[in-house]
Amino acid sequence: MQGKLIVFEGVEGGGKTTQMQRIQGWLQGLIDTPVIITREPGGTLLGQELRRLLLEYQGDEPIENRAELLMYAADRAQHVEGFIKPLLYQGSIILCDRYTDSTIAYQGYGRGLDLNLIHQLNQIATQGLESDLTIWLEIDVEIGLARTRNRGKMDRMEQANLEFHQRVQQGFQQLAQEHPDRIIPINGMLNLDQVTETIQLILTKKLTAWGFAI
C-alpha cells in the first residue's frame with residue numbers, strides 16, 4: 001500500500017477533531033496526495049448506525065461491556081475493509097480520529113475486559129493493518145471532561161465517571177511506553193497553535209522519511 005494511516009488518539013476533550021481539521025488543510029497545501037479525514041466509530045454508513053447505538057443509546061437495557069466491544073470491532077472491520085484499505089491502495093493519506101489503541105484503552109483499561117481478547121478482535125477487524133503513526137494528544141483528564149461539558153450534550157462514553165477516564169488515560173500511557181516508534185505523545189495542554197505546530201514538525205519529518213515530496 002502506498003498511502004499512510006495517521007491516527008489521532010486521546011481521552012475526551014483532547015482536541016483531536018480540531019487538530020485533524022487543521023492538519024488536513026495544512027497537509028493538503030503541502031503535498032499533492034489526497035488527505036482524507038475519517039473517524040471511529042462512524043467512518044462508514046454502517047458505522048454511523050453503530051456510532052449512534054454506541055454513543056447515543058439511552059434505552060433501559062444497558063449495553064453490556066462485551067457487546068460494546070464487539071460493536072466497536074464490527075465498526076472497525078467495515079471501516080478498514082470498505083474505506084481505509086481502498087484509499088491506502090490509491091495512495092491517500094488518511095487522518096483517523098481513533099483506531100485500535102482506543103479500544104485497548106477504553107474497553108481494556110477502562111472497562112476491564114481481557115486485553116488478549118481485545119488484541120485478537122483488533123487483529124480480526126483490521127487484518128493486521130496498523131497505523132503508520134499515532135498522534136496521542138495528552139491532556140489532564142479532568143480538564144478534558146470539563147471541555148466536553150462546556151460543549152453541551154455529552155455522549156454515552158463522555159458520561160462515564162472520572163475513575164473510568166483515569167483508567168483510560170493509564171491505558172494510553174501504557175501503550176505509548178510499549179510502542180514508542182508508532183505512538184508520539186504531544187502535550188495537549190499547550191495552546192491551539194502550539195499543538196498544531198508541534199504536530200506539523202513531527203509530520204514534516206515523517207513525510208520526508210516516507211519519501212513524500214514537500
Rounded distance (nearest 0.5 Å) linking atom CD of Q159 with atom CG of N161: 11.5 Å
side-chain contact (heavy atoms from CB on, under 4.5 Å) partners of L45, counting only residues at least two apart: Q48
Qualifying salt bridge (charged side-chain N to carboxylate O under 4.0 Å, His left out) pairs, either residue in residues 70-83, two or more places apart: E40-R76
Residue pairs, two or more places apart or on separate chains, that pass ring-ring contact (aromatic ring centres under 6.0 Å, His included) and touch residues 34-79: H79-F83
Reported CG-to-CD1 distance for the pair D101 and I183, which is rounded to 0.5 angstrom: 4.0 Å
Donor-acceptor contacts, no H, no angles, side chain residues 6-16, under 3.5 Å, sequence neighbours left out:
unit_1: E9; atom_1: OE1; unit_2: S102; atom_2: OG; d: 2.4
unit_1: E9; atom_1: OE2; unit_2: Y99; atom_2: N; d: 2.9
unit_1: E9; atom_1: OE2; unit_2: S102; atom_2: N; d: 3.2
unit_1: E12; atom_1: OE2; unit_2: Y106; atom_2: OH; d: 2.7
unit_1: K16; atom_1: NZ; unit_2: D97; atom_2: OD1; d: 3.1

Validation row: L69, L121 side chains within 4.5 angstrom (heavy atoms): yes
Minimum-distance pair of heavy atoms, taken over all atoms of A125 and A73: CB-O, 3.6 Å
Any residue meeting side-chain hydrogen bond (donor to acceptor under 3.5 Å, both in side chains) with E49, in chain and number order, not counting sequence neighbours: R52
Joint hydrophobic cluster, V80 plus L46, side-chain heavy atoms closer than 4.5 Å: no
CD1 on I135 to CG on L203, rounded to 0.5 Å: 5.5 Å
Compile the donor-acceptor pairs under 3.5 Å between side chains in residues 188-201 and protein atoms, sequence neighbours left out, one pair per line.
unit_1: N191; atom_1: OD1; unit_2: D193; atom_2: N; d: 3.1
unit_1: N191; atom_1: OD1; unit_2: Q194; atom_2: N; d: 2.8
unit_1: N191; atom_1: ND2; unit_2: Q194; atom_2: OE1; d: 3.2
unit_1: D193; atom_1: OD1; unit_2: R22; atom_2: NH1; d: 2.8
unit_1: D193; atom_1: OD1; unit_2: R22; atom_2: NH2; d: 3.1
unit_1: Q194; atom_1: OE1; unit_2: N191; atom_2: N; d: 3.2
unit_1: T196; atom_1: OG1; unit_2: Q19; atom_2: OE1; d: 2.6
unit_1: T196; atom_1: OG1; unit_2: Q19; atom_2: NE2; d: 3.4
unit_1: T196; atom_1: OG1; unit_2: R22; atom_2: NH1; d: 3.0
unit_1: T196; atom_1: OG1; unit_2: L192; atom_2: O; d: 3.0
unit_1: T198; atom_1: OG1; unit_2: Q194; atom_2: O; d: 2.8

Check: S92 side chain, I94 main-chain N or O, donor-acceptor pair, under 3.5 Å: no
Donor-acceptor contacts under 3.5 Å from residues 168-179 side chains, at least two apart:
unit_1: Q169; atom_1: NE2; unit_2: I139; atom_2: O; d: 2.7
unit_1: Q174; atom_1: NE2; unit_2: E178; atom_2: OE2; d: 2.9

Shared hydrophobic cluster, I104 / L54 (ILVMFWY, side-chain heavy atoms < 4.5 Å): yes
Reported CG-to-CD1 distance for the pair L88 and I36, which is rounded to 0.5 angstrom: 10.5 Å
Contacts of S131 that satisfy side-chain hydrogen bond (donor to acceptor under 3.5 Å, both in side chains) - sequence neighbours left out: T134, R182
Pairwise side chain to side chain donor-acceptor pair (under 3.5 Å) hits with a residue in residues 205-214, at least two apart: none
Stepwise side chain to side chain contact (heavy atoms under 4.5 Å, CB included) test for N187 and E138: CA-CA 5 Å; N187 183 1; E138 187 178 9; over 6 Å; no
Residues in side-chain contact (heavy atoms from CB on, under 4.5 Å) contact with P86, at least two apart in sequence or another chain: none
L137-L145 co-clustered via ILVMFWY side chain contacts under 4.5 Å: no
Got a list of side-chain donor-acceptor pairs under 3.5 Å for residues 23-32, not counting sequence neighbours?
unit_1: Q24; atom_1: NE2; unit_2: V35; atom_2: O; d: 3.0
unit_1: Q28; atom_1: OE1; unit_2: V35; atom_2: N; d: 2.8
unit_1: Q28; atom_1: NE2; unit_2: T33; atom_2: O; d: 2.9

Residue pairs fulfilling salt bridge (charged side-chain N to carboxylate O under 4.0 Å, His left out) with at least one residue in residues 155-176, sequence neighbours excluded: E68-R156, R151-E158
Reported CG-to-CG distance for the pair L5 and L95, which is rounded to 0.5 angstrom: 9.0 Å
Common cluster, I143/I186, ILVMFWY with side-chain heavy-atom separation under 4.5 Å: no
Connected via hydrophobic side-chain network under 4.5 Å: I124 and L115: no
